[in-house]
Number of protein chains: 2
Amino acid sequence: MEQWSFLDGGITSAKGFRAAGVEAGVKYANRRDVALIFSETPCVAAGVFTTNRVAAAPVVHDRAKLAAAPRAQAIAVNTGCANACTGPQGLAAAEAVAQATAKELGIAPELVLVSSTGVIGAPLPAERVIAGVAKAKAALASGPQADEDASRAIMTTDTRPKRAAVTCEIDGRTVTLGGMCKGAGMIEPMMATMLAYVTTDAAVDAAWLREALKSAADVSFNRVVVDGDESTNDTLVCLANGLVGNRPLDAAHPQAAVFLGALKALCAALAKQIVMDGEGVSKFVTVRVTGARTAGDAHLVARAIARSPLVKTSWFGRDPNWGRVICAAGYSGAEVDERKVRILYGGVCAYDCGTVADAATLAAMQELMKAREFEVAVELGLGSGEDTIYTCDLTFEYVKINAEYTT
Amino acid sequence: MEQWSFLDGGITSAKGFRAAGVEAGVKYANRRDVALIFSETPCVAAGVFTTNRVAAAPVVHDRAKLAAAPRAQAIAVNTGCANACTGPQGLAAAEAVAQATAKELGIAPELVLVSSTGVIGAPLPAERVIAGVAKAKAALASGPQADEDASRAIMTTDTRPKRAAVTCEIDGRTVTLGGMCKGAGMIEPMMATMLAYVTTDAAVDAAWLREALKSAADVSFNRVVVDGDESTNDTLVCLANGLVGNRPLDAAHPQAAVFLGALKALCAALAKQIVMDGEGVSKFVTVRVTGARTAGDAHLVARAIARSPLVKTSWFGRDPNWGRVICAAGYSGAEVDERKVRILYGGVCAYDCGTVADAATLAAMQELMKAREFEVAVELGLGSGEDTIYTCDLTFEYVKINAEYTT
């Protein structure tokens, strides 16, 4: 039984957090495009960032601050410009936004993180973002409306805001974790980014929070594939202000596993919302690989399947085309022996160690693929390595959205 | 100056080779689906096959024969069934086709190779293929009609047959190399395969032919990307019958480089035809990466760009979206420093070590993307590693063809 539970909430659900989302005209008028997240007291902070060698200025900025001291009290986020491939000017612009935000909030600049998402290669209009931060500071609040405004202000082509919150009990006190995120893969044309923020009122040891966040990302944001493109701006940041007054969580704390489970559940809930809202998505597919020689092999297989355009188009067309699935497994780089492989669609066995689906089975598979969500399971029969990836189909709409930008 | 020249020809252009393509009803009626390639005399043979762990029965069969002795005199090819994931029965079926072909032609079974392309996971109707081979044997001929019939008989969703031929001079004699191939990536729904065959009348040392063919594949068939899916049946086989009577070519032969150049040119010409005829392709794009730290890094970058759905859809939409190109370079795994990168579309510089394209430049890029073919060059500024990949865009038509198989 899980020792945490979901509640209807968002980025301000945990004690002491406020947020806002305002219109700042960064790129478009009449659109919320600057979000501000603020904690009443300084927080222990940890971040997981893109592994892309071309990292955007705000990523470079946040990484450096968290490496110097794992603390933060506010995050200023803008859409409309990724501030990526913008050189020294881009770093200066990120720093200017952080400085101005600190001044506005009356806190130390070291405690302000910044994020950007939008066009790669365009200069950040820092003055507009700064004006937006001032406006957002005046609007800072807690509760459903603030959660809604802030999560809308980080959207690009996302069709809906993405929020989640969980609670668990630590040292006999109720701890809350709230979160919000936006867009997977590289959602919008020339838009780049998955951004996710988690706030909690638990007291957490800084080093352990870094580890916990990394392991939560590994089973959530690092397990979703929309198109396989990894952006220059991907960011997951967690702020823990400790207001519930528990004994700081670390590996030795008896309830560390409870908090970690809650954090993983929250991140998974947010990550799944990203896939469900992927560009042009019509199917949400869980790819579950078991029996691999190693966990690494399982990941290679799951990832190859989730990235294969041929597999993804077959899901879109409700084509029970398991041959493309085993083919992707075969070229994944993992050890695969077709004589030991089983492939199941929603529990219906399509391929069983050399025995292939008959017409009735294919028809049953086609039927279950009518659902908006289904699972494709691949049992490799070679060991105990396993992995799961959440992904989606490849549709006309995806091509349309990503082809029709400037023309 | 190149020491070879193209001529209008195909699989029977080299002395002593005959071929045929006939209707055998393997899967569909009224469609040429069995091809036979035959040399008057036994040939030195070499093959390059898929690296997919799930290799089809004919690939397993041919690999074993060429490993036992690098010789062959005939190749029987069928479409309509890939004979992949078919277990021991599949291997027996491949062997039965080879045996029957040998008997029909009056040659040793060890000298017959077989290839299949089509649906994965369906049993090979060997008796139909064998009947087709008998019919093809009666039709064996040299010349344009035979080249045409044979190259048509290996097509699946290819829209046109693919042939090429080159000549060069070795030991003062005219050597001819002819070839044909079919479909890149995994072209047809549940179809799997790139098949390519090269015949030559040169005398070639077996070990050197294997090396030469591998290095030719590396700059041709291994440098094309349609959708990034690698099939279970990919095959490139070269037969050299030596009828021109040159001193057998090997590394020490003074004209080894001439033959190798001709072989590479032939394979590149065939490979480019595959991309041009990819499913739903509207743009043929050469991705040229230079200045990488190593050749391996250059390949990683070129491949990431050529596989990126976001990059490919931007080409389809004529969107001068260089940000997606540098982003793909960044996540490729190669060493990339955005301060040293230059990106050019058809010679127009979109990004120059931090300086980005202005509106006029973007308009010029958009204009040149109207052409059916253009080049995207990425200069990494880190070393001398380079690589080139030939690829295409991702279109509505691709999604349509691959989604609409059974539904």
Side-chain angles (χ1 to χ4, degrees), chain A residues 51-55 82 84-87 119-122 185-186 189-190 192 227-232 307-310 313-314 316-324 326-331 334-339 351 354 356-357 362 366 394-396 398-400 402-407, chain B residues 51-55 82 84-87 119-122 185-186 189-190 192 227-232 307-310 313-314 316-324 326-331 334-339 351 354 356-357 362 366 394-396 398-400 402-407:
Chain A
T51 58
N52 196 310
R53 297 290 180 105
V54 180
C85 299
T86 44
V119 184
I120 293 177
M186 279 183 53
M190 293 191 71
D227 51 21
D229 280 289
E230 183 197 8
S231 105
T232 48
R307 286 181 61 141
S308 162
L310 282 170
T313 48
S314 75
F316 173 48
R318 288 192 283 112
D319 177 2
N321 204 327
W322 60 269
R324 295 184 186 170
I326 195 169
C327 180
Y331 69 66
E335 192 173 323
V336 173
D337 180 344
E338 68 190 81
R339 294 167 301 183
Y351 177 82
V356 306
L362 291 175
Q366 212 167 359
L394 172 60
T395 69
F396 290 125
Y398 176 89
V399 175
K400 188 173 155 68
N402 287 298
E404 294 181 354
Y405 178 57
T406 57
T407 54
Chain B
T51 57
N52 196 310
R53 296 291 179 101
V54 180
C85 299
T86 44
V119 184
I120 293 177
M186 280 181 54
M190 291 189 72
D227 51 20
D229 280 289
E230 184 198 8
S231 106
T232 49
R307 287 181 61 140
S308 161
L310 281 170
T313 47
S314 75
F316 173 48
R318 290 193 281 112
D319 178 1
N321 204 328
W322 61 268
R324 293 185 185 169
I326 195 169
C327 181
Y331 68 68
E335 191 173 323
V336 173
D337 179 344
E338 67 191 80
R339 295 167 302 182
Y351 177 82
V356 307
L362 291 175
Q366 214 167 356
L394 172 60
T395 69
F396 290 125
Y398 176 88
V399 175
K400 189 174 155 70
N402 286 299
E404 293 181 354
Y405 178 58
T406 57
T407 53

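Residue numbering restarts at 1 for every chain, and letters A, B, ... go by the order of the sequence lines.
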Open item on the list: Ignoring hydrogens, what is the shortest heavy-atom contact between Arg53(A) and Glu335(B)? Give both atom names and the distance.
Closed with: NH1-CA, 3.4 Å
Task: Part of Ala357(B) lying under 4.5 Å from any heavy atom of chain A - done: neither
- [ ] Below 4.5 Å from any heavy atom of chain A, which atoms of Ala122(B) appear? Answer side chain, backbone, both or neither.
- [x] neither
Task: Check against side chain to side chain contact (heavy atoms under 4.5 Å, CB included), Cys327(B) and Ile120(A) - done: CA-CA 9 Å; Cys327(B) 181; Ile120(A) 293 177; 4.2 Å; yes
- [ ] Look at Gly354(B), Gly121(B), Ser314(B) and state which one has the largest set of heavy-atom pairs under 4.5 Å with chain A.
- [x] Gly121(B)
Open item on the list: If you define the side chain from C-beta out and look only at heavy atoms, does anything of Ile326(A) sit under 4.5 Å from Cys85(B)?
Closed with: yes
- [ ] Mind ranking Ala55(B), Ala84(B), Ala334(B) by heavy-atom pairs under 4.5 Å with chain A and telling me who comes out on top?
- [x] Ala334(B)
Task: Region of Val54(B) in contact with chain A, defined by heavy-atom distances below 4.5 Å - done: both
Task: Contacts of Thr86(A) that satisfy side chain to side chain contact (heavy atoms under 4.5 Å, CB included) - sequence neighbours left out - done: Ala57(A), Asn83(A)
- [ ] State, yes or no, whether a side-chain contact exists between Val399(B) and Phe316(A) at a heavy-atom distance under 4.5 Å.
- [x] yes
